[in-house]
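Atoms considered below: every heavy atom in the structure, side chains included; atoms not considered: hydrogens, waters and symmetry mates. Reminder, nothing fancy here: chain letters follow the sequence lines and each chain counts from 1. Nothing here was measured: the structure is a model prediction, and the numbers come from that model.
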Protein chains: 2
Amino acid sequence: MSKLESTASSPKHDVFQAVADPTRRQLLGLLVDQEMPVTVISGHFPMSRTAVSKHLRVLADAGLVKERKVGRETRYRLEPEPLLELKRWLAFYDRFWDNKLAALQRYVEQADGNDDSQVEAPLTVVKREPAE
Amino acid sequence: MSKLESTASSPKHDVFQAVADPTRRQLLGLLVDQEMPVTVISGHFPMSRTAVSKHLRVLADAGLVKERKVGRETRYRLEPEPLLELKRWLAFYDRFWDNKLAALQRYVEQADGNDDSQVEAPLTVVKREPAE
DNA sequence: ATTATACGAAACCAAATGGTTTCATGTCAA
DNA sequence: TTGACATGAAACCATTTGGTTTCGTATAAT
């Protein structure tokens with residue numbers, strides 16, 4: 001149970017970088033509900049199909065979407081797993097938020113439907129190095 | 001209590017983009033423990049002081065660090081608050097992880113000291129649009 | 001068989017990014 | 001005051017990025 005590294009593909013593209021672009025974040029949001037062929041996807045964006053296609057490739061390289069050929073179309077679907085890396089990285093900074101911010105954080109999490117309202121925990125300041 | 005927007009500065013630079021660069025992530029990691037002047041900071045990196053300085057500016061523009069002049073030096077310190085935006089964005093995808101991944105997620109969170117081990121929740125698939 | 005659709009690859013382009021070196025300025029020390 | 005230190009601004013450069021248009025190819029439809 002020690003293998004916690006790269007549970008999915010080889011991340012040719014960085015997750016942090018993949019997610020840095022607003023268009024690509026919207027793409028992930030779109031693909032949350034269902035898989036979609038490229039043309040349908042690109043219909044939601046004010047740029048060419050080819051441009052969207054390239055964004056999809058970046059996301060695929062980061063392991064954030066998977067493609068599947070169906071007839072003449074290529075359907076993409078969300079693959080949220082690599083987001084864990086982001087989540088883990090963020091988790092490191094949890095203990096450096098002051099109480100005011102911790103409160104805001106709880107508010108946010110609750111507002112998003114995550115019912116872990118008793119997060120508080122010990123809050124002992126553990127000296128540790130961040131992942132990267 | 002409705003104003004949940006931009007609790008800090010005007011984000012001239014995007015948090016997602018600020019955090020996309022590995023050097024800048026390392027910078028945040030460095031500044032976690034204490035505030036530091038530029039020269040000391042840049043001593044930890046294989047690039048010129050000026051380059052580090054520019055990275056610090058990007059972080060500052062995103063509100064992730066704050067600077068403070070002390071004599072002839074400028075000290076930088078971490079300002080983790082804008083990371084909440086990232087956290088909030090990520091939280092949206094929590095409910096789209098399958099059970100296997102949810103388990104891994106719990107493992108990660110626990111390993112990082114966040115004791116919210118009973119996250120499971122209803123897992124009812126709520127149709128909702130992501131933040132961006 | 002022919003035509004239309006779905007898509008990626010390629011070539012191209014402008015702008016942003018990440019880095020450099022040089023210079024000017026403010027502050028501390030002798 | 002003179003010199004060293006700390007720093008940001010500026011100009012510059014190569015590479016990456018985000019977009020375009022054009023073309024080729026595979027599949028579906030008529």
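Listed by chain and residue number, nothing satisfies the salt bridge (Lys or Arg N to Asp or Glu O under 4.0 Å) test with A/Arg72 (two or more places apart in sequence, or in another chain). With sequence neighbours excluded, the residues that form a salt bridge (Lys or Arg N to Asp or Glu O under 4.0 Å) with B/Arg75 are B/Glu35, B/Glu73. Residues passing the side chain to side chain donor-acceptor pair (under 3.5 Å) test with A/Arg49, sequence neighbours excluded: none. With sequence neighbours excluded, no residue forms a salt bridge (Lys or Arg N to Asp or Glu O under 4.0 Å) with B/Glu67. Taking B/Ser48 as the reference, B/Thr50, B/Ala51 meet the side-chain contact (heavy atoms from CB on, under 4.5 Å) condition, with sequence neighbours excluded. Here A/Val52 pairs with A/Leu27, A/Ile41, A/Ser42, A/Phe45, A/Met47, A/Leu56 under the side-chain contact (heavy atoms from CB on, under 4.5 Å) rule; sequence neighbours left out.
When the P atom of D/dA6 is taken as reference, atom CE of B/Met36 falls 15 Å away, rounded to whole Å. We find that CZ of B/Phe45 is positioned 14 Å from P of C/dG18, with the value rounded to whole Å. Summarising the geometry, the separation between CZ on B/Arg57 and P on D/dA6 is reported as 19 Å, rounded to the nearest angstrom.
The side-chain heavy atoms of A/Phe16 and A/Trp89, taken from C-beta on, include a pair separated by under 4.5 Å. A/Lys87 is listed as a side-chain neighbour of B/Leu90, based on a closest heavy-atom distance under 4.5 Å.
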Grab the N/O contacts between the protein and nucleotides 23-25 of chain C below 3.5 Å, and write none if there aren't any.
none

List, with names and distances, any nitrogen or oxygen atoms from the protein found under 3.5 Å away from nitrogen or oxygen atoms belonging to nucleotides 15-19 of chain D.
unit_1: D/dT17; atom_1: OP1; unit_2: A/Gln17; atom_2: NE2; d: 2.4
unit_1: D/dG18; atom_1: OP1; unit_2: A/Asp21; atom_2: OD2; d: 3.3
unit_1: D/dG18; atom_1: OP2; unit_2: A/Arg24; atom_2: NH1; d: 3.1
unit_1: D/dG19; atom_1: OP2; unit_2: A/His55; atom_2: NE2; d: 2.2
unit_1: D/dG19; atom_1: N7; unit_2: A/Lys54; atom_2: NZ; d: 2.9
unit_1: D/dG19; atom_1: O6; unit_2: A/Lys54; atom_2: NZ; d: 2.5

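At least one side-chain nitrogen or oxygen of B/Ser53 sits closer than 4.0 Å to the OP1 or OP2 atom of D/dG8.
Sorted by residue number, the members of residues 67-78 of chain A with any non-hydrogen atom under 4.0 Å from DNA chain C read A/Arg72, A/Glu73, A/Thr74, A/Tyr76.
Grouping the Ile, Leu, Val, Met, Phe, Trp and Tyr side chains by contacts below 4.5 angstrom, directly or via other members, places B/Leu78 with B/Met36.
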### Task
Check the pair B/His44, B/Leu30 against side-chain contact (heavy atoms from CB on, under 4.5 Å), reporting the backbone distance first and the verdict last.
CA-CA 9 Å; B/His44 291 74; B/Leu30 240 194; 3.7 Å; yes
